[in-house]
Amino acid sequence: MSDLELSGLIKRAEEARERAFAPYSKFKVGAALQAKTGEIYAGCNIESSSYGLTICAERVALFKAISEGVRDFIRIVVTADTKEFCPPCGACRQVLADFAPELKVILLSSSGKTKETTIAELLPEAFGHDFLRHRETG
Ligand code: THU
């Protein structure tokens, strides 16, 4: 990926973060998921007054893509308005691993630093659809 493409992806994640609906935690997160088609799907966290119904930025981005019929992904940028990198939560790791076990994950700090990892690194020995075939029958 060229620097230009990466900066475009970063910009989409930052723009999405600005649209976060996080009146309860005040913790705004943005994500931008690049599909193999080149298309970018951005997402922000959306909180609910019934806190447990909150959805993270990463899953919003992924579900937007899936709902558009897109299933193949290259990388995702995740950014919060914090100096530290904001790694995806456990639930998002699982859902990202379900659809994109080889996904690259680029964490972006508020000062513009990046750290690159993968979903496989973030969720080793992941549960996946293959395991569903191994259940005992009867
Ligand atoms: N959040 C995300 O959107 N992504 C993450 O990777 C971590 C947490 C959101 C959920 C909630 O709205 C807020 O951040 C605080 O947990």
Side-chain angles (χ1 to χ4, degrees):
M1 185 188 221
S2 72
D3 284 357
L4 198 64
E5 281 178 306
L6 180 60
S7 58
L9 197 57
I10 285 173
K11 189 163 178 279
R12 290 288 301 276
E14 287 176 328
E15 286 168 356
R17 188 186 64 212
E18 293 308 310
R19 292 191 291 271
F21 182 76
Y24 310 111
S25 72
K26 317 261 191 250
F27 191 84
K28 294 184 167 193
V29 186
L33 178 65
Q34 186 186 23
K36 282 195 181 152
T37 56
E39 198 72 37
I40 296 171
Y41 297 86
C44 60
N45 53 327
I46 305 170
E47 297 186 344
S48 168
S49 58
S50 178
Y51 292 178
L53 302 182
T54 290
I55 183 164
C56 295
E58 296 90 325
R59 272 174 291 154
V60 170
L62 178 68
F63 293 164
K64 279 172 68 178
I66 300 295
S67 69
E68 296 291 327
V70 177
R71 294 270 178 92
D72 297 310
F73 305 104
I74 299 170
R75 70 199 85 215
I76 188 168
V77 170
V78 181
T79 180
D81 46 8
T82 55
K83 273 191 234 139
E84 287 76 31
F85 297 119
C86 174
C89 79
C92 288
R93 292 179 196 202
Q94 177 64 49
V95 178
L96 289 169
D98 280 336
F99 285 98
E102 287 169 15
L103 191 69
K104 284 188 185 147
V105 179
I106 299 165
L107 306 176
L108 173 71
S109 76
S110 59
S111 62
K113 278 193 210 137
T114 56
K115 177 183 172 180
E116 204 171 316
T117 179
T118 63
I119 203 68
E121 249 168 28
L122 292 171
L123 189 66
E125 298 187 44
F127 183 82
H129 61 86
D130 278 352
F131 289 91
L132 297 173
R133 283 203 275 276
H134 299 320
R135 73 184 173 86
E136 304 282 334
T137 50

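What you see below is based on every heavy atom in this structure, not just the backbone, and it leaves out hydrogens, waters and symmetry mates. For clarity, every value in this text was computed on a predicted model and none was experimentally measured. Every number for a ligand or one of its atoms is a count from 1 in the order of the listing. Throughout, residue positions are numbered sequentially from 1 according to the sequence presented.
To the nearest 0.5 angstrom, Asp81 atom CG is 10.5 Å from Glu14 atom CD. How far CD1 of Ile66 is from CZ of Phe99: 4.0 Å, rounded to the nearest 0.5 Å.
When non-hydrogen atoms are compared, ligand 1 lies under 4.0 Å from neither the backbone nor the side chain of Ala31.
Close contacts of ligand 1 with Ser25, meaning ligand atoms under 4.0 Å from a residue heavy atom, involve 13 (C), 15 (C). Residue Cys89 has at least one heavy-atom neighbour below 4.0 Å for each of these atoms of ligand 1: 6 (O). For ligand 1, the atoms lying closer than 4.0 Å to a non-hydrogen atom of Pro88 are 6 (O).
Of the protein's heavy atoms, none falls inside 4.0 Å of atom 16 (O) of ligand 1.
Contact between Cys92 and ligand 1 is absent, with no heavy atom of the residue lying under 4.0 Å from the ligand. Using a 4.0 Å cutoff on heavy atoms, Ala22 does not count as a contact of ligand 1. Not close to ligand 1: Ala80, with no non-hydrogen atom less than 4.0 angstrom away.
Closest of all the heavy-atom pairs between Gly43 and Val60 is CA-CG1, 3.8 Å.
Closest to atom 7 (C) of ligand 1 among all protein heavy atoms lies Cys86 SG, 4.1 Å. Counting only heavy atoms of the protein, atom 5 (C) of ligand 1 lies nearest to Glu58 OE2, 3.4 Å. When hydrogens are left out, the protein atom nearest atom 11 (C) of ligand 1 is Glu47 OE2, 3.3 Å; that is the closest non-hydrogen contact. Regarding atom 9 (C) of ligand 1, its nearest protein heavy-atom neighbour is Asn45 ND2, 3.5 Å. With hydrogens left out, the protein atom closest to atom 3 (O) of ligand 1 is Ala57 N, 3.0 Å, a heavy atom. At the top of the distance list for atom 8 (C) of ligand 1, counting protein heavy atoms only, stands Cys56 SG, 4.1 Å.
A side chain to side chain contact (heavy atoms under 4.5 Å, CB included) with Thr79 is found for one member of Leu108, Val29, Ile10 and no other, namely Leu108. Checking Ile74, Ile40, Ile76, Val70 one by one against Leu33, the side chain to side chain contact (heavy atoms under 4.5 Å, CB included) holds for a single residue, Ile76.
A salt bridge links Glu15 with Lys11: the distance from a Lys NZ or Arg NE/NH1/NH2 to an Asp or Glu carboxylate oxygen falls below 4.0 Å.
For ligand 1, none of its N or O atoms has an N or O atom of Thr54 under 3.5 Å away. The shortest N/O to N/O separation between Ile55 and ligand 1 does not fall below 3.5 Å.
When side chains are defined from C-beta on, Glu102 does not count as touching Thr118, because their heavy atoms never get closer than 4.5 Å. Considering only heavy atoms from C-beta on, Ile106 comes within 4.5 Å of Leu6 through its side chain. Considering only heavy atoms from C-beta on, Phe127 comes within 4.5 Å of Leu132 through its side chain.
Between the side chains of Ser109 and Ser111, at least one donor N or O sits under 3.5 Å from an acceptor N or O.
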